[in-house]
Amino acid sequence: MGKKNIMLFGISIAFLNLFDGIVTNYGLMKKLIEEMNPIMNFLISINPALFLGLKVGLSLLILFVSYWVYTNSKAHFQKLYLLTLVGVFCLYFGICGVHLYWLSFI
């Protein structure tokens, strides 16, 4: 896996995170799903815009950190960071798969 994959996975995670936020918000508004993350559930209960704002902020943060690691870190840390990104990508891919599954029943 090359150095450029850091940006590829960072961008992919940012988009999956945004998709998760938008679809979760939709599902909650239509009472189709329940939020399982207690922190996100708390934020949604305060204000759904706060939840979506945090998702946007986290997506921007992952893009910023990924770019910084891509441009400024040594090869050893880049490999470790890339492995972490791959793990996070797999989790988000699964979460988005669950969203697509329940969306298919609407």
Side-chain angles (χ1 to χ4, degrees):
M1 291 189 156
K3 180 177 165 179
K4 291 183 182 178
N5 286 331
I6 290 173
M7 289 310 300
L8 175 66
F9 277 98
I11 291 167
S12 298
I13 292 167
F15 279 113
L16 289 172
N17 182 46
L18 289 174
F19 176 78
D20 172 47
I22 292 166
V23 173
T24 297
N25 190 51
Y26 174 79
L28 290 169
M29 289 177 64
K30 299 291 185 182
K31 301 194 185 303
L32 301 170
I33 61 169
E34 294 179 20
E35 176 59 58
M36 300 305 292
N37 181 333
I39 296 170
M40 292 300 175
N41 193 42
F42 174 72
L43 293 173
I44 289 168
S45 70
I46 294 173
N47 188 340
L50 180 62
F51 167 75
L52 289 172
L54 181 64
K55 294 297 259 182
V56 169
L58 288 173
S59 291
L60 292 173
L61 181 63
I62 194 71
L63 290 172
F64 173 77
V65 171
S66 294
Y67 181 75
W68 189 87
V69 169
Y70 173 77
T71 58
N72 297 311
S73 295
K74 301 207 185 279
H76 178 71
F77 184 77
Q78 288 176 349
K79 288 179 185 177
L80 179 62
Y81 184 74
L82 182 57
L83 285 173
T84 304
L85 286 178
V86 170
V88 171
F89 174 83
C90 290
L91 288 171
Y92 262 112
F93 191 78
I95 290 167
C96 289
V98 170
H99 286 317
L100 291 173
Y101 175 75
W102 67 259
L103 280 172
S104 70
F105 290 107
I106 296 177

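The stretch residues 84-95 participates, sequence neighbours left out, in no salt bridge (Lys or Arg N to Asp or Glu O under 4.0 Å) pair at all. Residue pairs satisfying the salt bridge (Lys or Arg N to Asp or Glu O under 4.0 Å) criterion with at least one member in residues 90-106, sequence neighbours excluded, are absent. Judged as a side-chain hydrogen bond (donor to acceptor under 3.5 Å, both in side chains), the pairs with a partner in residues 60-78 (not counting sequence neighbours) are, in order, S66-Y81. Within the structure, the salt bridge (Lys or Arg N to Asp or Glu O under 4.0 Å) test picks out no pair touching residues 84-98 (sequence neighbours left out). Under the salt bridge (Lys or Arg N to Asp or Glu O under 4.0 Å) criterion, no residue pair touches residues 82-92, with sequence neighbours excluded. Under the side-chain hydrogen bond (donor to acceptor under 3.5 Å, both in side chains) criterion, the residue pairs touching residues 23-46 are D20-T24, T24-H99, with sequence neighbours excluded. Residue pairs meeting the side-chain hydrogen bond (donor to acceptor under 3.5 Å, both in side chains) criterion with at least one member in residues 56-65, sequence neighbours excluded, are N17-S59.
More than 12 non-hydrogen atoms from other residues, nucleotides or ligands lie less than 6.0 angstrom from CD1 of I46.
Here L91 pairs with nothing under the side chain to side chain contact (heavy atoms under 4.5 Å, CB included) rule; sequence neighbours left out. The side-chain hydrogen bond (donor to acceptor under 3.5 Å, both in side chains) test applied to S12 returns no partner, not counting sequence neighbours. Applying the side chain to side chain contact (heavy atoms under 4.5 Å, CB included) rule to V98 yields the partners W102; only residues at least two apart in sequence or on another chain are considered.
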Review point. For L100 and F19, what are the C-alpha separation, side-chain angles and deciding distance, and is it a side-chain contact (heavy atoms from CB on, under 4.5 Å)?
Key: CA-CA 10 Å; L100 291 173; F19 176 78; 3.8 Å; yes
Exercise for review: Quick one: do L54 and L50 satisfy side-chain contact (heavy atoms from CB on, under 4.5 Å)? Show the steps, please.
Suggested key: CA-CA 6 Å; L54 181 64; L50 180 62; 5.8 Å; no
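Between the OG1 atom of T84 and the CZ atom of F89 there is a distance of 15.0 Å, given to the nearest 0.5 Å.
The minimum heavy-atom distance linking L16 with F93 is given by the pair CD1-N, 4.0 Å. Contact detail for L32 and I106: the closest heavy-atom pair is CD1-CD1, 3.3 Å. Considering every non-hydrogen atom in both A14 and I62, the closest pair reads CB-CG2, 3.8 Å. For V69 against I6, the heavy-atom pair with the smallest separation is CG1-CD1, 4.1 Å.
Hydrophobic clustering keeps L8 apart from V86 (ILVMFWY residues linked when any side-chain heavy atoms are closer than 4.5 Å, directly or through intermediates). Under a hydrophobic-cluster definition in which Ile, Leu, Val, Met, Phe, Trp and Tyr are linked whenever side-chain heavy atoms come within less than 4.5 Å, directly or via other members, Y92 and F64 are assigned to the same cluster.
When hydrophobic residues (I, L, V, M, F, W, Y) are linked wherever their side-chain heavy atoms come within less than 4.5 Å, the members clustered with Y101 are F105.
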